[in-house]
Amino acid sequence: MSEKYYNEGWFGKNPTIYEIGSFFIVRLKRKAARKISNKPLKIIDLATGTGGLGYEMAKLGHEVVGIDLDENMLAKAHKKTSKDLKLSFLHGDATDLPFEDNDFDAATISFAMHDVPDDIGVKILKEARRVVKEDGFIFILDYNQTESFGAIFLYYVALLYESPNYKPFAKRDFRNFLEEIGFNIKEKDTFLGAVQMTKLAW
């Protein structure tokens, strides 16, 4: 995946501000981490950014590998590692992962699908499917589609800082998009209707 597909919006150019902003959604990430599984899993966290979700999952006992294209973001993520956590980060491309088939129990994608064009999003999901075991799942934490007041309100706020790929993501029929490429929504929950936590199966 070319660097040009990485978020060219305001947060993408300001990882420190992104990290400060992430502080305000730490409860959301904790809630998402608790929904992943109640048993320890080996998880690949795609487009990990500054590692917020990966860190929350590792605190719950999961073994987590975070991967991201942006080295400035990863510099922030590495500060979250410790000898007490099974948490590591590496620089890499979510469309071409350096792992064998069926290597992980699950994959997570946090606030990244809205940042890429459809063809790259499809490649990320299919690559996640390749490295996750047959009985595993993919968990997406991202903006919800504009189906509620909360989502519509956040949509107009997010237009101020998100990349051009956000608008079509928010407006699409996400369920149909996923079904067309071979995925099914196993579970879906939202936070104030504005943020979705979606677990995919196949």
J.: Please answer whether the main-chain N or O of Asp135 pairs with a side-chain N or O of Trp202 as donor and acceptor at a distance below 3.5 Å.
T.: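 No, the answer is negative, given that no donor and acceptor are paired below the 3.5 Å cut-off.
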
J.: For a side chain to side chain contact (heavy atoms under 4.5 Å, CB included) check, start with the C-alpha distance between Leu178 and Asn184, then their side-chain angles and the critical distance, and finish with the verdict.
T.: CA-CA 7 Å; Leu178 293 168; Asn184 298 306; over 6 Å; no

J.: Please confirm whether Lys188 makes a cation-pi placement over Phe174, using NZ or CZ under 6.0 Å from the six-membered ring centre and within 45° of the ring normal.
T.: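 Verdict for Phe174: no cation-pi partner in Lys188.
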
J.: Of the non-hydrogen atoms in Asn102 and Val132, which two are nearest, and what is the gap between them?
T.: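 Where Asn102 meets Val132 most closely, the heavy atoms are OD1-O, 3.4 Å.
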
J.: State, to 0.1 Å, how close Gln196 and Tyr143 come at their nearest heavy-atom pair, and which atoms those are.
T.: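 For Gln196 and Tyr143, the tightest heavy-atom pair comes out as NE2-O, 2.8 Å.
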
J.: Tell me whether Lys199 forms a cation-pi arrangement with Phe139, defined as NZ or CZ under 6.0 Å from the six-membered ring centre and within 45 degrees of its axis.
T.: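 The answer is no, since Lys199 fails at least one limit relative to Phe139.
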
J.: So that I can tick it off, tell me whether Lys42 and Asp103 are bridged by a salt bridge, with the cut-off set at under 4.0 angstrom between side-chain N and carboxylate O.
T.: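 Yes, Asp103 and Lys42 are salt-bridged.
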
J.: Taking the basic N atoms (NZ, or NE/NH1/NH2) and the acidic carboxylate oxygens, is any pair closer than 4.0 Å for Arg30 and Glu56?
T.: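 Glu56 and Arg30: salt-bridged.
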
J.: For Thr108 and Asp45, does a side-chain donor sit closer than 3.5 Å to a side-chain acceptor?
T.: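 The answer is yes; a qualifying pair exists.
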
J.: If you group Ile, Leu, Val, Met, Phe, Trp and Tyr by side-chain heavy-atom gaps below 4.5 Å, do Leu60 and Phe137 land in one group?
T.: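 Result: no, two separate clusters.
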
J.: So does Glu100 pair up with Arg130, basic N to acidic O under 4.0 Å?
T.: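 Judged by the 4.0 Å cut-off on N to carboxylate O distance, Glu100 and Arg130 do not form a salt bridge.
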
J.: How long is the span from the OH atom in Tyr155 to the CZ atom in Phe169, to the nearest 0.5 Å?
T.: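 Reported to 0.5 Å precision, the distance equals 12.5 Å.
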
J.: Is atom NZ of Lys86 surrounded by more than 12 heavy atoms (other residues, nucleotides or ligands) closer than 6.0 Å?
T.: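 Open: at most 12 neighbouring heavy atoms sit under 6.0 Å from NZ of Lys86.
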
J.: Please find the pair of heavy atoms, one from Leu41 and one from His62, that lie closest to each other, and give the distance.
T.: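 Smallest heavy-atom distance, with atoms named: N-ND1, 2.9 Å.
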
J.: State, to 0.1 Å, how close Phe111 and Asp142 come at their nearest heavy-atom pair, and which atoms those are.
T.: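 Result for this residue pair: CA-OD2, 3.6 Å.
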
